Amino acid sequence: MVLLQSIWYKVCGTTEKYMILLQSIWYYRKVFGIWYNCKVFGTTVKYMVQLQSIWHYCKVYDTTAKYMVLIFTEILDTSLKVSWKDPNEKNGVLTGTATRISWEEFNRTNTRVTHYLPNLTQEYRVTGLTALTTYTIQVAGMTSKGQGQLSSSTISSGVPPEMPGPPTNIAISNIGPRSVALQFKPGYDGKTSISRWQVEAQIGIIGENEEWVMVHQLPNEPDARSLEVLELNPYTSYRFRMRQVNIVGTSPPSQPSRKIQTLQAPPDISPYNVTLRTASETSLWLRWVPLPEWEYNGDQELVGYRVQYSRAASKEGVLSHVISDRLEREFTIEDLEEWTEYEVRVQAINGMGSGPWSQPVQGRTRESVPSCGPTNVSAFATTSSSILVRWGEVPQADRNGLILGYKVVYKDKGSDSVPQYWVVEGNTSHSVQLSGLGKYVLYEIQVLAFTRIGDGRSSRPSILERTLDDVPGPPVGILFPEVRTGSVRLIWQPPAQPNGIILAYQITHRRNTSNSNAATVDVLSPSARQYTASGLKPESVYVFRLTAQTRKGWGEAAEALVVTTEKRARPQPASRPTVPQEDVQARSVMLSWEPGSDGLSPVRYYTVQYRELPDSNWTVHSASVNHEASSYIVDSLKPFTSYQFRVKATNDIGDSEYSQESEAVTTLQDAPDKAPTILSVTPHTTTSVLVRWEPPAEKQINGVLLGFRVRYRELQYDHLRSFTIRTINSPASNWAELTAPYSVRNLSESSLTQYELDNLSKHKRYEIRLSVYNAMGEGPTSTPQEVFVGEAVPTAPPQSVTIQSSTATQLDVTWSPPPLDSQNGDIQGYKIYFWEFQLQNETERLRTMFLPELGVKIKNLTGYTTYMISVAAFNAAGDGPRSPPTRGRTQQAAPSRPSFLHFSELTTTSVNMSWGEPGQANGIIEGYRLVYEPCTPVDGVSKIVTVDVKGSTPLWMKIKDLADGVTYNFRIRAKTLTYGPEMEANITTGPGEGAPGPPGEPFISRYGTALTLHWTSGDPGRAPITCYVIEARPSDEGLWDILIKDIPKEVTSYTLNLDMLREGVTYDFRVIGVNDYGYGSPSAPSPSISAQKVSPFYEEWWFLVVIALVGLIFILLLVFILIIRGQSKKYTKKADSGSHSNSTSLPLSHGEMVRLDEGRFPALELNNRRLSVKNSFCRKNGIYTRSPPRPSPGSLHYSDEDVSTKYNDLIPAENSSLTEKPSEISDSQGSDSEYEVDQNRGGQQKTHSFVNHYISDPTYYNSWRRQQKGVSRPPAYGYTQPDQGGLIQGLAPQCQGTLFRPKGSRTPTPSLLSCSVSEPPSQHGTLLYSSRPPSSLGCSSTQQPPTAGFSSFV
């Protein structure tokens, strides 16, 4: 800094002692007047001009700054080349000898050599050096003011320099708000001097991945061992590292220092971009851009803002408000005076103090209605129908805007009528003559002022004034309740308009004839309400005239006719009322009717009723319509509404019936009665606003709504401020003459509820009104609404939001700004909303950026968690819409510690340990690591056990290898990519205080595969026993473990199955009691017992062998019996050698078969069911063998010659042929009987058997062997049930290898011999066959006989 003494004395030497402080006048700059951060106190324009003339040609010079780093090249034994650059700031004109270079041997100044070089020289070759000698070389710039700072370096001639090493042993001290001191140990210098020290730092969030930034450099201090780092941010975390630089380059970084935090300090800056807008009649809207985080200078929780406000140009009444939210950027100042200008400023605060104030801004509250009425209100009655009203000014503080006029509000004090208004336009007239008032009426009078916004409050209290008296009106309600032929009595009520104090009544009556001049006059007291007239002629018409008197005289008279007769009756109804269309108006109609008969009693008055259609009740409109009227105007109706009317007449006797209802009459349309209600007027773009409203009720539109009209105009506040001191000379002047005229837009859509009013001027304030219209005209306008145009929130969200997962706790979010046409002004920043997926309400957070940057790093997130992020832009008007949520997930990280650690089933040597999942998994749980150890050594040994549990489940573990009465420390932590923090707990083994004592020693009884433990109850402890637990362990020093839990407390024995134990292992058992205090002491171990199972005798091997041998013997015995029985079955033949009957086509009866058998005839027994090749066996020598292949029936042919030739001794020749019909073969069926015994013979010895018969005949035997292999065997014949003749008709299929028999042929088969139609086959005994349904066994007249085949035994 340079301070010019001559100028200082010139200014301060003035008589007024003005002071000028010149700050930050940098080198080589022209100073013109008060220029560049120059503060002037108390100066006037005169001295400002003087200073300007003095300094106009003044130049301030200083020496140059230091040169850049020196660069050495071409290093030889006796020479080297030095290069440099010009200084960054020359601070003058480098002319003449501008550069000085010198060199000397290290620490030998007497060897210095100096040369001065031209100003453009940037390199120089140094010669004449001594080899292997260290030199100090210095370069400095020169100006006319002298030599600048030196740039110095050391180098050894002939020794090329090398890259330096990093500094070491970095220490930090003297930590302040904006500086710290670093101590360090220099590293390897690279055989040359260190030209610069560099300090790098991690700022804010400290981590391995955070970037290092340069925060300080110290040049030309090669011997430095400490340095001071300046210009740090207060209350900010730093970690430092250093580098050292020589002429070759920069060293690697040193090891990072410890993390430190600078001290707190008050904020350095004030909030900027402070704006003030009108919010309402009593509030202002203040906005600012909050401080960035790095400007907090303290704990962010204590950062806030202080708002100070007061009336403009007033030093009194200064108020302030503190906002504790550091992110708040707006504040509404409430409870202000209407139409008042205020000055506001803002400052930032933190825990250390307050920052500087912002520049003050000014704003005016909105115009409002006057908050009180005029003063000095007075009233004076001038006539019986007029009052003069006077008033004073509205107090200045209560005007709240420009007074456009006054309204006198008056009403009859004794009535409930609606107040009436007398409008006085302009703010100069303060009196008015109220005319057309009621006579001798007491009026309640108030005066109010109004502005363009509306009516203010009325004056208080009300002024009471009565108009002057006058002659009264006619008395009302004249009736004749008693009428005789010679007298009448009438009654009445006082005048409706007494117009003064009634002093008397006068009654005059006479006959109602043209020649009657005589009249009777009576004067009555003012309290009289009835009068009786006598001496009247019967059946005559009289006229009664009644009048009242006040101080001003007699008033108007009321006349009534009466007939002196006793034949009076009620009047007849009037005719149906009619309403001519030309008499229909918007709010009134004219009724016309024809009176009915008065019943010899004149009608005194009519009553008119109406009702609103469709479903309203009848309402009396008037009950005092003149008796002489035949038409009446019904007013106060609603426009565009349908009505019906009816009329009733009343005389002295009573009321008539109501007339018929008139036809429905619809009133005409009228202009709407009410304006729409404007709900909001908000900026939509920088040149448009969005107006929202609610239309009036349908009944207030008075017709068909055709549309809306929007009126708007620009407000000039600079002009409005002058209106408060102007007067409106002409009463006809109004607000429209003082401001710009309204612009009108017609909206023809009646369904609209909002409209964008566009093409407005930027940065202007507008007034907006709204009205509705129908076919008859426009309704009143709404209350004006003000809005500032030029600032609107963005109408579109940021675009292209992308999320990149950076670390386990950080997401990098980038986006593009909203489209330019939707920004509606300068984007001041962005709001980033982020929350955990599906937990928006619980976890949503906000990050606000007060700079228009297009990216942010969201830190301190939860690892491996899905986040939804939405971004919104904001400008001076407010926040724009959010972008659609975008999903991103952080990377995996170490999990949090398990949520809980719980111990159960604690015994003397074991415990069941369970734990909860981490509250924040931060990834996929791969497992858990459990570590436990005794807190004190057990038997001199402290064993640490580590157990790794793979997977996320189970969440429990049984620990068994514990020592009794020892306290153990358990630690468990979860693992994802790495292990998280530990959950730790201690537990002491053994029974707790109050736990049960040991039960009695158990003893064991064994039965088969079950063991039963018996024990006796022990001490229950402080609480009753709830259950028992059985522990077991292998006897060979195994670990005790719970075997059975929750044994009822009443039980003292328990049976367990040996399947629960490992077979062949010897076990010990013990019992533990349990109560509410926990597991008690265990009983003494039971005697050891083996878990070897004792099998029952029927499972032993020897028993199985015996059973097998017995079974084999039984089988052999059974086979032998069957063989014996089979051989005893004989086939006898009949020894009848006499004549034999030829075969007939009829089947043999059972008796005949018996005779054949008794006659020892060799019969072929046919099985009455199908044979099975698989189970048709021949018993031979007691062994079952498979029968040989049966010959195909197609290949066998039996004839009479064959039989007679080879068996002529047994079978006589027959003419019929024998053809075999094979039965169907089934694996599941066998022969019906393998041996049939003739029951008639009893135990007679068989002389011939079926088997021997075939074995003894080699021809028949060989016929079976001649069967060819592979020849199919289709059925050779079939049969059906006999017809009426009882014949069986053989059927043979026509196929190859079969023998066809004609219909009449017969084949004698054993089936015909063994089964008849009348006898079931149950007479034949059967052995070893499977049961089947009776339908397959019996023969009946309705069932086809079973298929039979040969029963062969070979």
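Fair warning: this is a prediction, and the values are worked out from it, not measured in the lab.
Judged by the 6.0 Å and 45° rule, Arg646 forms a cation-pi pair with Trp618. Both cation-pi conditions hold for Lys407 and Phe450: the charged atom is under 6.0 angstrom from the six-membered ring centre and inside a 45 degree cone around its axis. In this structure, Arg466 forms a cation-pi arrangement with Tyr440, its terminal cationic atom sitting closer than 6.0 Å to the ring centre and no more than 45° off the ring axis. At least one test fails for Arg510 against the ring of Tyr542: distance under 6.0 Å to the centre or angle within 45° of the axis.
In summary, Lys648 and Asp655 engage in a salt bridge, as defined by a charged side-chain N under 4.0 Å from a carboxylate O. A salt bridge does not link Asp469 with Lys439: every distance from a Lys NZ or Arg NE/NH1/NH2 to an Asp or Glu carboxylate oxygen is 4.0 Å or more. Here Arg709 pairs with Glu778 in a salt bridge; the nearest charged N to carboxylate O distance falls below 4.0 Å. With respect to Glu393 and Arg399, a salt bridge is recorded, a charged nitrogen being found less than 4.0 Å from a carboxylate O.
Listed by first then second residue, pairs satisfying salt bridge (Lys or Arg N to Asp or Glu O under 4.0 Å) with a partner in residues 480-504 read Glu482-Arg489, not counting sequence neighbours.
What you find for Arg587 and Ala671 is that their closest heavy atoms are NH2-O, 4.2 Å.
Proximity of a side-chain donor or acceptor of Arg576 to a complementary backbone N or O of Glu661 within less than 3.5 Å is detected. Looking at Thr667, its side chain does come within 3.5 Å of a backbone N or O of Lys638 through a donor-acceptor pair. Between the Ser630 side chain and the Glu594 main chain, no donor and acceptor come within less than 3.5 Å of each other.
Screening Val543, Val521, Thr520, Leu490 for a side-chain contact (heavy atoms from CB on, under 4.5 Å) involving His509 leaves a single residue, Thr520.
The ring pair (Phe, Tyr, Trp, His ring centres under 6.0 Å) test applied to Tyr643 returns Tyr610, not counting sequence neighbours.
Aromatic ring centroids of Phe645 and His621 lie 6.0 Å or more apart. Taking the six-membered ring for Trp, Phe708 and Trp693 have ring centres closer than 6.0 Å. Ring centroids of Tyr505 and Tyr531 are separated by 6.0 Å or more, keeping the two rings apart.
There is no side-chain donor-acceptor pair under 3.5 Å between Glu539 and Thr485.
Side-chain contact between Phe640 and Val704 is present, with heavy atoms from C-beta onward closer than 4.5 Å. Put simply, the side chain of Phe544 reaches to within 4.5 Å of the side chain of Ile507, judged on heavy atoms. Between Pro780 and Ser771 there is no side-chain heavy-atom pair separated by less than 4.5 Å.
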